[in-house]
Amino acid sequence: MAILNILRYPDPRLHKVAKPVTVFDAKLEQLVADMAETMYEAPGVGLAASQVDFHEQLLIIDTSDTKDALTVFINPEIIWASDEMQVYDEGCLSVPGVYDGVERHARVKVRALDVKGLPFELEADGLLAVCIQHEMDHLLGKVFVEYLSPLKRNRIKTKMQKEERGLQREEMLRAQGRRF
């Protein structure tokens with residue numbers, strides 16, 4: 001298994017729309033295992049393949065306290081959503097350190113395939129419902145900050161770009177053998 005690089009907002013690759021998964025093989029199983037290791041290490045409760053620059057409709061979620069309830073959703077679709085909405089403070093592994101309220105459906109029913117290509121349906125509420133909607137947005141090329149006001153979004157974008165420049169500078173100094 002391997003830790004994958006998580007794309008950081010405002011990387012344009014995060015806005016790429018994912019294509020359906022058509023091949024269910026050992027390579028897909030390895031990607032799921034690598035994504036799970038990456039998500040748990042980050043740490044997070046959900047990760048879409050788009051966030052690790054693999055643009056197919058695949059996401060993983062584990063909202064359990066014990067981190068032993070990984071669910072794999074391939075080619076997911078929401079087949080029902082409640083009229084009731086809720087605001088939940090969301091964060092994102094692609095936007096580290098940023099949390100803000102986003103309004104989403106309180107309950108959803110999703111249809112997807114598992115890693116072997118077998119279909120299943122799942123009803124969710126609470127954190128799981130939020131995670132499903134959040135991660136499915138990634139498959140559509142949407143990051144949660146796009147639900148925020150233009151002012152907040154621009155502040156976050158500027159902050160992320162500044163942090164990225166700092167990380168690149170540290171990497172360059174490290175490559176040159178310098179200490180900082």
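Between the Asn75 side chain and the Ala112 main chain, no donor and acceptor come within less than 3.5 Å of each other. Of the possible donor and acceptor atoms, one in the side chain of Ser82 sits under 3.5 Å from a partner among the backbone N and O of Arg107. Under a 3.5 Å cut-off, the side chain of Asp125 and the backbone N or O of Ala106 do not form any donor-acceptor pair.
Residue-environment remark: CG (Asp83) stays at or below the threshold of 12 foreign heavy atoms within 6.0 Å. Counting heavy atoms of neighbouring residues, nucleotides and ligands inside a 6.0 Å radius, atom CD of Glu41 does not exceed 12 of them.
In this structure, Gln161 has no side chain to side chain donor-acceptor pair (under 3.5 Å) partners at least two apart in sequence or on a different chain.
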Handout entry: salt bridge (charged side-chain N to carboxylate O under 4.0 Å, His left out) assessment of Arg111 paired with Glu77
Key = CA-CA 5 Å; Arg111 177 184 299 137; Glu77 60 178 310; 3.8 Å; yes

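Residues Phe73 and Val110 share a closest heavy-atom pair of CE2-CG1, 3.7 Å. When all heavy atoms of Leu7 and Ser50 are compared, the pair lying nearest together is CD1-O, 3.6 Å. Heavy-atom minimum distance, Val98 versus Phe144: O-CZ, 3.7 Å.
Salt-bridge annotation for Glu121 and Lys109: present, with a side-chain N of the basic residue lying under 4.0 Å from a carboxylate O of the acidic one. Between Arg13 and Asp11, at least one side-chain nitrogen of the basic residue sits less than 4.0 Å from a carboxylate oxygen of the acidic one, meeting the salt-bridge criterion.
By the 4.5 Å heavy-atom criterion applied to side chains, Arg153 and Tyr9 are counted as neighbours. Looking at heavy atoms from C-beta onward, Pro76 lies in side-chain contact with Leu59 at the 4.5 angstrom threshold. The shortest side-chain heavy-atom distance between Ile156 and Thr158 does not fall under the 4.5 Å cut-off. Here the side chains of Val145 and Asp100 are not in contact, with every heavy-atom distance at 4.5 Å or above. Two residues are said to be in side-chain contact when any heavy atoms from C-beta on lie closer than 4.5 Å; Leu14 and Arg8 fail this criterion.
Screening Glu163, Lys157, Glu164, Lys162 for a side-chain contact (heavy atoms from CB on, under 4.5 Å) involving Met160 leaves a single residue, Glu163.
A distance of 5.5 Å separates CG of Asp62 from NZ of Lys67, quoted to the nearest 0.5 Å. Interatomic distance, Asp89 CG to Tyr99 OH, rounded to the nearest 0.5 Å: 10.0 Å. Rounded to the nearest 0.5 Å, atoms OG (Ser94) and CD (Gln51) are 4.0 Å apart.
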Under 3.5 Å donor-acceptor pairs involving side-chain atoms of residues 126-142, not counting sequence neighbours:
residue	atom	partner	partner atom	Å
Gln133	OE1	His105	N	3.1
Gln133	NE2	His105	O	3.0
Gln133	NE2	Ala129	O	3.0
His134	ND1	Glu90	OE1	2.7
His134	NE2	His138	NE2	3.4
Glu135	OE1	Ala48	N	3.1
Asp137	OD1	Tyr147	OH	3.4
Asp137	OD2	Arg104	NH1	3.0
Asp137	OD2	Arg104	NH2	3.2
Asp137	OD2	Tyr147	OH	2.7

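Leu113 belongs to a hydrophobic cluster with Leu4, Ile6, Val21, Phe24, Leu28, Leu31, Val32, Met35, Met39, Tyr40, Leu47, Val52, Phe54, Leu58, Ile60, Leu70, Val72, Ile74, Leu93, Val115, counting contacts under 4.5 Å between side-chain heavy atoms of Ile, Leu, Val, Met, Phe, Trp and Tyr, direct or through other members.
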